[in-house]
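Working notes, structure below.
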2 protein chains.
Amino acid sequence: MAQESSQVAPRYLTGDKAGLQEFLARFDVFLFDCDGVLWSGDHLFPGTVETLELLRKNGKQIVFVTNNSTKSRADYRKKLEGLGIPSTVEEIFSSSYSASIYISRILQLPENKRKVYVIGETGIEQELRSENVPFIGGTDPAYRRDVTSEDYNKIAAGDESVLDPEVGVVLVGLDFHVNYLKIALAYHYIKRGAIFLATNVDSTLPHSGSFFPGAGSMSAPLIMMLNQEPVALGKPSQAMMDSIEGKFKFDRSRTCMVGDRVNTDIRFGLEGKLGGTLGVLTGVSSEEEFVSGDVRPHAYLDALSDLLASEGA
Amino acid sequence: MAQESSQVAPRYLTGDKAGLQEFLARFDVFLFDCDGVLWSGDHLFPGTVETLELLRKNGKQIVFVTNNSTKSRADYRKKLEGLGIPSTVEEIFSSSYSASIYISRILQLPENKRKVYVIGETGIEQELRSENVPFIGGTDPAYRRDVTSEDYNKIAAGDESVLDPEVGVVLVGLDFHVNYLKIALAYHYIKRGAIFLATNVDSTLPHSGSFFPGAGSMSAPLIMMLNQEPVALGKPSQAMMDSIEGKFKFDRSRTCMVGDRVNTDIRFGLEGKLGGTLGVLTGVSSEEEFVSGDVRPHAYLDALSDLLASEGA
């Protein structure tokens, strides 16, 4: 059905009360992209809170799905709260949490290879802890230093004082303290057999109305050195969908992905064979893309709050 | 001729005195790859010094061509000397020097855009100074720090206190102190119109019998963020050949590239339409690659010192 629907024109639901009711009745779970759907930057769209309330009132499960890897779910809940959106930590699914779930519940790591070497900030560490996944690296100040000639020899020799033999996974997210030593260690862990994971592969990070290096660009040196892509845990990677399923055990056919970008959000839902995908025109993709692009949602709205018209007179 | 010769089987010259004499007579200039040709790691091949002496005695010009970007020519001459190979600074052509020549003699930069923003170590700085090219960044300790929230705002706004308006080139080489701030600045300079150059695109650096992040992996985040490849100044990039020509004004038809790797050295000579390419079997590529690979030298030897047989009884 997902495949088929990406070929046909999507249904335009704004102002179509019967169509909205019919659409909503098909789903128990709604996965929400956030920026461009619920808000833009620091600006909350009017009606966002009421729309989420309506869905909850009707027994729908809500999951906020974000590629942001620097924040933990608790951090992200605070962000939602700051924007006036009530939520619980359990409703939030970030790429760092997705990675933690993937490592703890999907990967079958051997007993002696369960440690994760992290390139990233505290958000990743908090989520690994929440799943009891042991890790090294990350924000540990011991890794925030120059490489020494002793490092070269020890790393090349596989010395256990610099390369922990229990590391079975390298997880790369956005790291504002990335350096030569960290990249060298990640390269050698992967060469020695560790699984190469990335929280997400977004090459840039939107900030201050411009762009800065994103989580994807942290993996770039390793991809070039290894000639190998990481398994990415952010949208549109299906490893993230598997993680969401690993946690919520939902029925994909009764689940709808809501997003503003065809190449990430809508593709994420279509490739995940969800029952539905819903585009909104308050973000990146245009109506033309929704209607005649290569990747098309099942339905679309001018704005998320148009869902409110499914109720009342 | 280069094109043609890459299609036919190369001539095997070891032990063929007449063939050697005929081959040598065709060239005035010999461009030498170093590691795998003159030495391997710290081991000088027997006969290297005598072979270079023979060429010099017969009036041949010698140029040592290396992708190493961390060393200046003076540093590299010391390395050659340490291995027992007499040389002059003028005979050495490194990728950092190549980049400097390319910037000073090939690029036509506008008067107010002549400054280079450097990601790299002191070797690059020394070579830029040797060509009187103004630069910022590099080993300046002011760039060896964490990114601040003030940086984001100022960089996004194009504030001249963080983004020098005279920067017209970003030059990326191997930098053991690469960090988030340096990559963010490079990205914004290029987005604002600076030319994106790399000393070389070797993804790894051989060290201690293993591999570590190379100059190419420093460019990788920028390539991913910008979706743009740099002009690379190392082998096999023809920008390096143009730089060598820019300095020596040699006759390409009377020049021979000597190397051990088909995909860098031999390709470099063939694409540069040199009169000849000479492979040696003391390095990476095998006889099979020389004889029946996609990229074939005009001639090959078991070892460079086999050239000595062109003289004597």
Check: B:Asp33 and B:Asp260 side chains under 4.5 Å, non-hydrogen atoms
yes
Would B:Phe212 and A:Tyr152 count as a close aromatic pair, with their ring centres under 6.0 Å?
yes
Could you check which of B:Met225, B:Lys191, B:Met218 has the highest count of heavy-atom pairs closer than 4.5 Å to chain A?
B:Met225
Whatever's closer than 4.5 Å to a heavy atom in chain B on A:Tyr187 counts as side chain
Validation row: A:Ile119, A:Val170 side chains within 4.5 angstrom (heavy atoms)
no
Check each atom of A:Leu185 against the heavy atoms of chain B and say whether the ones under 4.5 Å are side chain, backbone, both or neither.
neither
So for A:Leu226, is it side chain, backbone, both, or neither that comes closer than 4.5 Å to the heavy atoms of chain B?
neither
Could you have a look at B:His177, B:Lys182, B:Arg144 and say which one has the most heavy-atom pairs with chain A under 4.5 angstrom?
B:His177
Below 4.5 Å from any heavy atom of chain B, which atoms of A:Asp175 appear? Answer side chain, backbone, both or neither.
backbone
Engaged part of B:Leu222 at the chain A interface, taking heavy atoms whose separation is under 4.5 Å:
neither
Is B:Glu166 paired with B:Lys113 through a side-chain N to carboxylate O contact shorter than 4.0 Å?
no
On a heavy-atom basis, the closest approach of B:Phe45 and B:Ser40 is CZ-CB, 3.7 Å
So for A:Asp146, is it side chain, backbone, both, or neither that comes closer than 4.5 Å to the heavy atoms of chain B?
side chain
Which atom pair, heavy atoms only, marks the closest approach of B:Tyr180 to A:Pro213?
OH-O, 2.6 Å
Below 4.0 angstrom, N of the basic side chain to O of the carboxylate: do A:Arg145 and A:Asp151 qualify?
yes
Chain B interface, residue from A:Ser203, A:Ala184, A:Gly214, A:Gly216 that has the most non-hydrogen pairs under 4.5 Å
A:Ser203
